[in-house]
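Presented below is the structure to which this report refers.
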Amino acid sequence: MTPAAIETFFATLKAANPHPQTELEFSSVFELLAAVLLSAQATDVGVNKATRRLFVVANTPQKILDLGIEGLEQHIKTIGLYRSKAKHLMQTCQMLVELHGGQVPRTREALEALPGVGRKTANVVLNVAFGEPTMAVDTHLFRLGNRTGLAPGKTPLEVEHKLLKRIPPAYMVDAHHWLILHGRYVCQSRKPLCWQCGVAAVCGFTLKTPAPPG
DNA sequence: ATCCCGAGGG
DNA sequence: CCCTCTGGAT
């Protein structure tokens, strides 16, 4: 995709949604971290169901520790990968209490040192909680980067670097959410809705036979 | 490279 | 049935 096309791409997404946000529900930085940790290979809808149950009972690291591993598992059992997530969240809460005064750290290194927190999760927290222009490459960004030609790459890290290089700085902070929402609702994995896509004109991928909405 | 792993959609 | 969902650890 040419620089001009990229400009049009994001200007179009911005016009349709000036202030994009995550659809994960949270009311503190810790809740955000916990929700993102739980969101691996799971839908926001599913995560929100579980965190609504969980955060009423435990919305701080210490309160989650007090639940115990089995108590925590019960609250998040409806999410995929729930056993490893419960274990990791518990270990992360332990570290937050012991090393960070119960607060969520603000640096990439400290975030990625937390069990269950990798580069993608750290990027989301840095972006959403601390306003940094990071690019968290999840399944949607990876697919769109390659499908549209915006940032082709064989690995998420390669796509991330290309996105950071190619997206105009003015769009960088919100780009992550524009791409995720576009991927979720329009440029879907199985069923890209090209006939109702606002950026199809500058996209390298176009469905040959656009299926009618019916 | 493989494992983890429930819910929802097609 | 199969695929996908804001991945990370081993």
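Protein chains get the first letters and strands the later ones, always in sequence-line order, with residue 1 at the start of each. All figures in this text were calculated on a predicted structure; none of them were measured in a lab.
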Using the C1' atom on both, measure B:dC5 against C:dC2 and round to a whole Å. 15 Å
Toward the 5' end of DNA chain C, by each residue's nearest nucleotide, A:E112 or A:H140: A:H140
Contact class for A:L32 (heavy atom, under 4.0 Å): base, sugar-phosphate, or nothing? nothing
Verify side chain to side chain contact (heavy atoms under 4.5 Å, CB included) between A:F10 and A:I167, making sure each step is shown before the conclusion. CA-CA 8 Å; A:F10 286 101; A:I167 296 173; 3.6 Å; yes
Protein heavy-atom contacts under 4.0 Å, written 5' to 3' over nucleotides 4-10 of chain B as B (base), S (sugar-phosphate only) or - (none), form the string BBBSS-S
Nearest-angstrom distance, C1' atom, B:dG6 to C:dT10: 22 Å
Partner of A:L179 by side chain to side chain contact (heavy atoms under 4.5 Å, CB included), out of A:L144, A:D174, A:D138: A:L144
Using a distance-only test with no angle check, is there a side-chain donor-acceptor pair under 3.5 angstrom linking A:Q74 and A:E70? no
Check every strand shown and say whether A:T22 touches a base, only sugar-phosphate, or nothing at a heavy-atom separation below 4.0 Å. base
I'd like the P distance from B:dA7 over to C:dG8, given in whole Å. 22 Å
Please determine whether a side-chain nitrogen of the Lys or Arg among A:R108 and A:E112 lies less than 4.0 Å from a carboxylate oxygen of the Asp or Glu. yes
Donor-acceptor pair between A:T78 and A:R53 side chains, under 3.5 angstrom: yes
Can you tell me how far C1' in C:dT4 sits from the matching atom in B:dC4, rounded to whole Å? 16 Å
How would you label the contact of A:H176 with the nucleic acid (heavy atoms, under 4.0 Å): base, sugar-phosphate, or nothing? base
Taking for each residue the nucleotide of DNA chain C with the nearest heavy atom, is it A:G116 or A:D44 whose nucleotide lies nearer the 5' end? A:D44
Using a heavy-atom cut-off of 4.0 Å to chain A, what are the terminal contacting nucleotides of DNA chain C, in 5' to 3' order? C:dC3 to C:dA9
Looking at A:R83 and A:E73, does any basic side-chain N land under 4.0 Å from a carboxylate oxygen? no
Qualifying residue, where the test is side chain to side chain contact (heavy atoms under 4.5 Å, CB included) with A:F30 and the options are A:T92, A:N59, A:I64: A:I64
For A:G46, answer base if it contacts any base atom (sugar-phosphate contacts may also be present), sugar-phosphate if it contacts only those atoms, and nothing otherwise; contact means non-hydrogen atoms under 4.0 Å. nothing
Does A:E160 pair with A:K120 as a salt bridge, N-O distance under 4.0 Å? no
So which atom in A:P61 and which in A:V97 form the shortest heavy-atom distance, rounded to 0.1 Å? CB-CG2, 3.8 Å
